[in-house]
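See below for the structure under consideration.
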There are 2 protein chains.
Amino acid sequence: MATKPSSYENIVNTAARLFIVQGYHATGLNQIISESGSPKGSLYYYFPNGKEELALECIKRANLFVQDQLRDSFAPIADPVLAVQSLLRRLAEEAADCKYKEPMPIGYWASAETAAVSEALRMASQTAFEDWQNIYAEKLLAAGFNKSKAAELGLLLVSMIEGAMLLMITLRDNKPLLTLSAHIPVLLRKE
Amino acid sequence: MATKPSSYENIVNTAARLFIVQGYHATGLNQIISESGSPKGSLYYYFPNGKEELALECIKRANLFVQDQLRDSFAPIADPVLAVQSLLRRLAEEAADCKYKEPMPIGYWASAETAAVSEALRMASQTAFEDWQNIYAEKLLAAGFNKSKAAELGLLLVSMIEGAMLLMITLRDNKPLLTLSAHIPVLLRKE
DNA sequence: GTCTATACATGGATAGAC
DNA sequence: GTCTATCCATGTATAGAC
């Protein structure tokens, strides 16, 4: 499904970056084409439906990017508690490195900001959240949790991490994410 | 600090509603004045610095509104676990009632969306989060938690609830909030 | 203090040359 | 397929009559 021309890639990459940093409505097509170097004609050649279609592609990519991130963090660590903590520490470090300028999660610009205006974008975010939930759930399933408990905790993890990221961006401090990390053992206790 | 004229109130009330439903950048001043009935001149009379100043007032009000909501929910219930659960159920019901059309928390439109563009709005959101954290912490302190533990759990509660609300809006389902509620006893265990 | 008209920039989108 | 010029709506902001 990958398209080769570099013009396409340039547009998608800069659009994704700008949406993440500034938000959906704050990012104009003019800025995207200006920063990408590609002309506006190319944008509408690749995305005949304009901004919404471009954003949809960005959400799908962000979804896959996070999935890779999750699998990378989880693969080498069997214990789900340690695996999740390793992920959270990684996210906290990355956020501090970019000085909290990049609200990585798609939740804010793609779903909160567009839920009222574009059903397609909202649904793409929903799919992403469900995909991530499933990855968490699989990890918990493999560790001996039953299916419904694993699904429930997966949902909880997705929502808690999104919330911690929002506070992290607002407070410009990764303490929310690290505090969450500290409480993961209690949350994922099999009891 | 309350200003009397109804024109002022009309503008602030409709602006607050539109920011909450649509987001900051998606809401234009033209729409605000059109829906409020008041003319544009009044808006700039009361808010000489335009949109940003108006949004700032909306954030401050939203902050106070949530504070009242928290105190109302907490006052009649001594046990912090039951008090928080009562709050979460109330939020879940309200969200379902408006069919998930109103992302009440200020976090999305006021901080995620504006952190890159307005330091004043980001700081107002930060203040709100800190105020709420303190209310949670006081409740926990009164229940016997020590000061640092109470502050830590207060931060965690704010971030978890914001995250659950984001998922609730995206999935159009209050399960994330109810799932969080189910795990409050584990989180707030004094152990 | 209230309201209208208008200015100027930027938004998304399109047509058509090359 | 690439690029430019342009259209129209909407954005924020201001001037000035009443």
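Every chain is numbered from 1 and lettered A, B, ... according to where its sequence line falls, protein lines coming before strand lines.
For residues 114-121 of chain B, proximity to DNA chain D is found at no residue, defined as any non-hydrogen atom under 4.0 angstrom from a strand atom.
B:A83 is linked by a side chain to side chain contact (heavy atoms under 4.5 Å, CB included) to B:F74, B:I77, B:K139, counting only residues two or more places apart in sequence or in another chain. With sequence neighbours left out, B:A151 forms a side chain to side chain contact (heavy atoms under 4.5 Å, CB included) with B:Q133. Scored by the ring pair (Phe, Tyr, Trp, His ring centres under 6.0 Å) test, A:F145 finds no partners at all (sequence neighbours excluded). When the salt bridge (Lys or Arg N to Asp or Glu O under 4.0 Å) test is applied to A:E57, the partners found at least two apart in sequence or on another chain are A:R61. The side chain to side chain contact (heavy atoms under 4.5 Å, CB included) check on B:T114 picks up B:Y24, B:V117, B:L121, with sequence neighbours excluded. Legend: residues meeting side chain to side chain contact (heavy atoms under 4.5 Å, CB included) with A:S159, ordered by chain and number and at least two apart, are B:A164, B:L167.
For A:L43 and D:dG1, the CG to P distance is 16 Å, given to the nearest whole Å. Following rounding to the nearest Å, B:N10 (CG) and C:dG1 (P) show an atom-to-atom distance of 17 Å. In this structure, CD1 of B:I33 is placed 13 Å from C1' of C:dT2, rounded to the nearest angstrom. Protein atom OH of B:Y44 is 18 Å distant from nucleotide atom P of C:dA5, rounded to whole Å.
Each of D:dT2, D:dT12, C:dG1 was ranked by its minimum atom distance to the side chain of B:Y45; first place goes to C:dG1.
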Legend entry - Summary of protein contacts for nucleotides 3-11 of chain D, nucleotide by nucleotide, where a base hit scores B, a sugar-phosphate-only hit scores S (4.0 Å, heavy atoms): BB------B

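Contact annotation: A:Y46 side-chain N/O to D:dT2 OP1/OP2 distance is under 4.0 Å.
B:M160 has its side chain within reach of A:L180: a pair of non-hydrogen atoms, C-beta onward, lies under 4.5 Å apart.
For residues 72-85 of chain B, the side chain to side chain donor-acceptor pair (under 3.5 Å) pairs, not counting sequence neighbours, are B:S73-B:R90.
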